[in-house]
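A quick write-up on the structure given underneath.
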2 protein chains.
Amino acid sequence: MPSDTKDRILDSAEILFAQNGFSATSLRAITDHADVNLASVNYHFQSKDALVQAVLMRRLNPVNQRRLEMLNAILQRFPASPPPVEEILEAFYRPVVEEVMKSQREGRPIMPLIGRIFIEPGELVASQVRSLMSQVVTAFVDAFHLALPQVPPAVLFWRLQFAVGMMSHTFAAAPLIEGLSRGRIRINDTEEVLRQLIAFAAGGLRGAMP
Amino acid sequence: MPSDTKDRILDSAEILFAQNGFSATSLRAITDHADVNLASVNYHFQSKDALVQAVLMRRLNPVNQRRLEMLNAILQRFPASPPPVEEILEAFYRPVVEEVMKSQREGRPIMPLIGRIFIEPGELVASQVRSLMSQVVTAFVDAFHLALPQVPPAVLFWRLQFAVGMMSHTFAAAPLIEGLSRGRIRINDTEEVLRQLIAFAAGGLRGAMP
DNA sequence: GTCTATAGGGTGATAGAC
DNA sequence: GTCTATCACCCTATAGAC
């Protein structure tokens, strides 16, 4: 339980944004849920847009930092030979999947938020995400180029986007997917989700050139 | 230019939903854009929710029908041997990609809508999409089982969802992706998009078992 | 830092005249 | 089928007392 007002607002905003989307969630709903005063949102953050950014950044910054750490560790272990595709993919996926599953256990599930980041309109969200993702995308495209020198960089870029979409859609549409599968799959086991993501993405990255 | 009020509302709603999302688009914005009276929305449709459904169904029904037609044509050509994975993937992707690109040319781009379908909250949207997607998912999982008998059905189900996510994210986040790629890729050529999607998904579907 | 009160405007839906 | 007018309510943001 966060005691300080600013954290209470961030936590409640995260829960409600994940459940109902950004624009469908009013500041009143957030302050009611957080049991704080309506005006405190505009005191601690300046506007609703700034609050949305703060909620996203609190989750995305540690995830992207961890991705780059894991990637660098791999590259140092393979200074002269191509690094394994599967290991690069694990560096890309594991920090997100672990953060998402942690949020489930803590009762503040952010699964739908992950998918919405790339999709909700609004210049601010897009520009923030863009600058934050830019160095991650560059680093991973470069790593995949080392691992798969025969695949042209433009094709690697397509394929990295597909790798993002696989995960993003899996989390964003998790309830729909679990329902459609009629019990065949469940999206709640970190290692199982990672195995499935990495196996498919590795096959895709290595796929015949179009 | 549609002359009849109901179609004018559907067209304007589609444009604005694609640009700004469902909940951020007001009925007033729609009727202003369509140059029709506000009350006509509640006359022709009963509510905003029903309008959202009508907009989605107008696009999704023909696409899913075409998918099943193409799939059946393939299965009839391979009555005794496994059908090729690439052809099944083309039956899955081509109707959507063509519909999206057609909408671009007609000045009513639905790219962002495609990604949002699976993500926007609201029981109505979810339940409509669910029942509409259900037979498509079943038919394609069965077809992939014929094409790849060594892959367990549960894994095929994971992989079909990944195939959906690849496309859905590519369209939903197209401006972001094109920006991040710094000119390396453009998402505006039907055949190029299909080649990239099919090559990656085919590799993924054939990938080593996790 | 936290509160009340309110400004200023938008929202979906509908009643009832034409 | 189409319109005007309106109901009842929700919204973000802020001024100003404590």
Side-chain angles (χ1 to χ4, degrees), chain A residues 1-58 113 116-117 120-128, chain B residues 1-58 113 116-117 120-128:
Chain A
M1 288 285 171
S3 53
D4 134 64
T5 300
K6 200 167 173 177
D7 285 338
R8 295 174 66 89
I9 293 170
L10 282 171
D11 288 352
S12 293
E14 182 175 89
I15 293 170
L16 296 172
F17 286 157
Q19 269 170 24
N20 309 315
F22 300 119
S23 76
T25 302
S26 69
L27 295 182
R28 275 177 176 76
I30 294 168
T31 53
D32 283 1
H33 186 278
D35 203 28
V36 300
N37 190 272
L38 172 63
S40 62
V41 173
N42 287 80
Y43 175 77
H44 287 288
F45 308 86
Q46 285 77 359
S47 65
K48 184 180 174 178
D49 263 336
L51 173 61
V52 170
Q53 288 177 59
V55 168
L56 291 180
M57 290 307 134
R58 189 174 59 150
L113 215 66
R116 260 197 282 275
I117 289 170
E120 284 256 343
E123 288 306 313
L124 283 174
V125 173
S127 76
Q128 285 281 114
Chain B
M1 288 285 170
S3 54
D4 140 61
T5 301
K6 200 167 172 176
D7 285 338
R8 296 174 65 88
I9 294 171
L10 282 171
D11 287 353
S12 292
E14 183 176 89
I15 293 170
L16 296 172
F17 286 157
Q19 269 170 26
N20 308 316
F22 301 119
S23 75
T25 303
S26 69
L27 294 182
R28 277 174 175 77
I30 294 168
T31 54
D32 282 1
H33 186 278
D35 202 29
V36 301
N37 191 271
L38 172 62
S40 62
V41 174
N42 287 81
Y43 175 79
H44 288 288
F45 309 87
Q46 284 77 359
S47 64
K48 184 180 175 179
D49 263 335
L51 174 60
V52 171
Q53 287 176 59
V55 169
L56 292 180
M57 289 307 133
R58 189 174 60 149
L113 215 66
R116 261 198 283 274
I117 288 170
E120 284 256 343
E123 287 307 314
L124 283 174
V125 173
S127 76
Q128 285 279 117

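Every chain is numbered from 1, with letters handed out A, B, ... down the list of sequences.
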In terms of heavy-atom contacts, A:Ser23 and B:Ser23 come closest through OG-OG, 2.7 Å

Nearest 0.5 Å, what's the CG-CG distance between B:Leu10 and B:Asp4?
9.0 Å

By the salt bridge (Lys or Arg N to Asp or Glu O under 4.0 Å) test, which pairs, at least two apart or in different chains, include something from residues 12-22 of chain A?
A:Glu14-A:Arg58, A:Glu14-A:Arg59, A:Glu14-A:Arg108

Between atom CZ in A:Phe45 and atom P in D:dT14, what is the gap in whole Å?
16 Å

Using five pairs at each end of the helix from C:dG1-D:dC18 to C:dC18-D:dG1 to define an axis, what is the angle between those two axes, to 10°?
0°

Students should find that the nucleotides of DNA chain C closing off the region near chain A, any atom under 4.0 angstrom from a heavy atom, are C:dG1 to C:dT4

Solution key, residues 29-37 of chain B side-chain donor-acceptor pairs under 3.5 Å, sequence neighbours excluded:
{"from": "B:Thr31", "atom 1": "OG1", "to": "B:Leu27", "atom 2": "O", "distance (Å)": "3.2"}
{"from": "B:Thr31", "atom 1": "OG1", "to": "B:Arg28", "atom 2": "O", "distance (Å)": "3.1"}
{"from": "B:His33", "atom 1": "ND1", "to": "B:Ser12", "atom 2": "OG", "distance (Å)": "2.8"}
{"from": "B:Asn37", "atom 1": "OD1", "to": "B:Ala39", "atom 2": "N", "distance (Å)": "2.9"}

Would you say the side-chain atoms of A:Lys48 pair up with the backbone N or O of A:Phe22, donor to acceptor, closer than 3.5 Å?
yes

Applying side-chain hydrogen bond (donor to acceptor under 3.5 Å, both in side chains), name anything that partners A:Ser40, two or more places apart in sequence or on another chain.
none

Along DNA chain D (nearest heavy atom to each residue), the more 5'-positioned of B:Arg28 and B:Lys6:
B:Lys6

Which atom names give the shortest non-hydrogen contact between A:Arg116 and A:Phe17, and what distance separates them?
NH2-O, 2.9 Å

When rounded to the nearest 0.5 Å, the distance separating CG of A:Leu51 from CG of A:Asn42 is 9.5 Å

Near-strand residues of residues 30-41 of chain B, defined as heavy-atom separation under 4.0 angstrom from DNA chain D
B:Asn37, B:Ala39

B:Gln46 CD to B:Gln53 CD distance, which is reported to the nearest 0.5 Å
10.0 Å

How long is the span from the OG1 atom in A:Thr5 to the NE2 atom in A:His44, to the nearest 0.5 Å?
5.0 Å

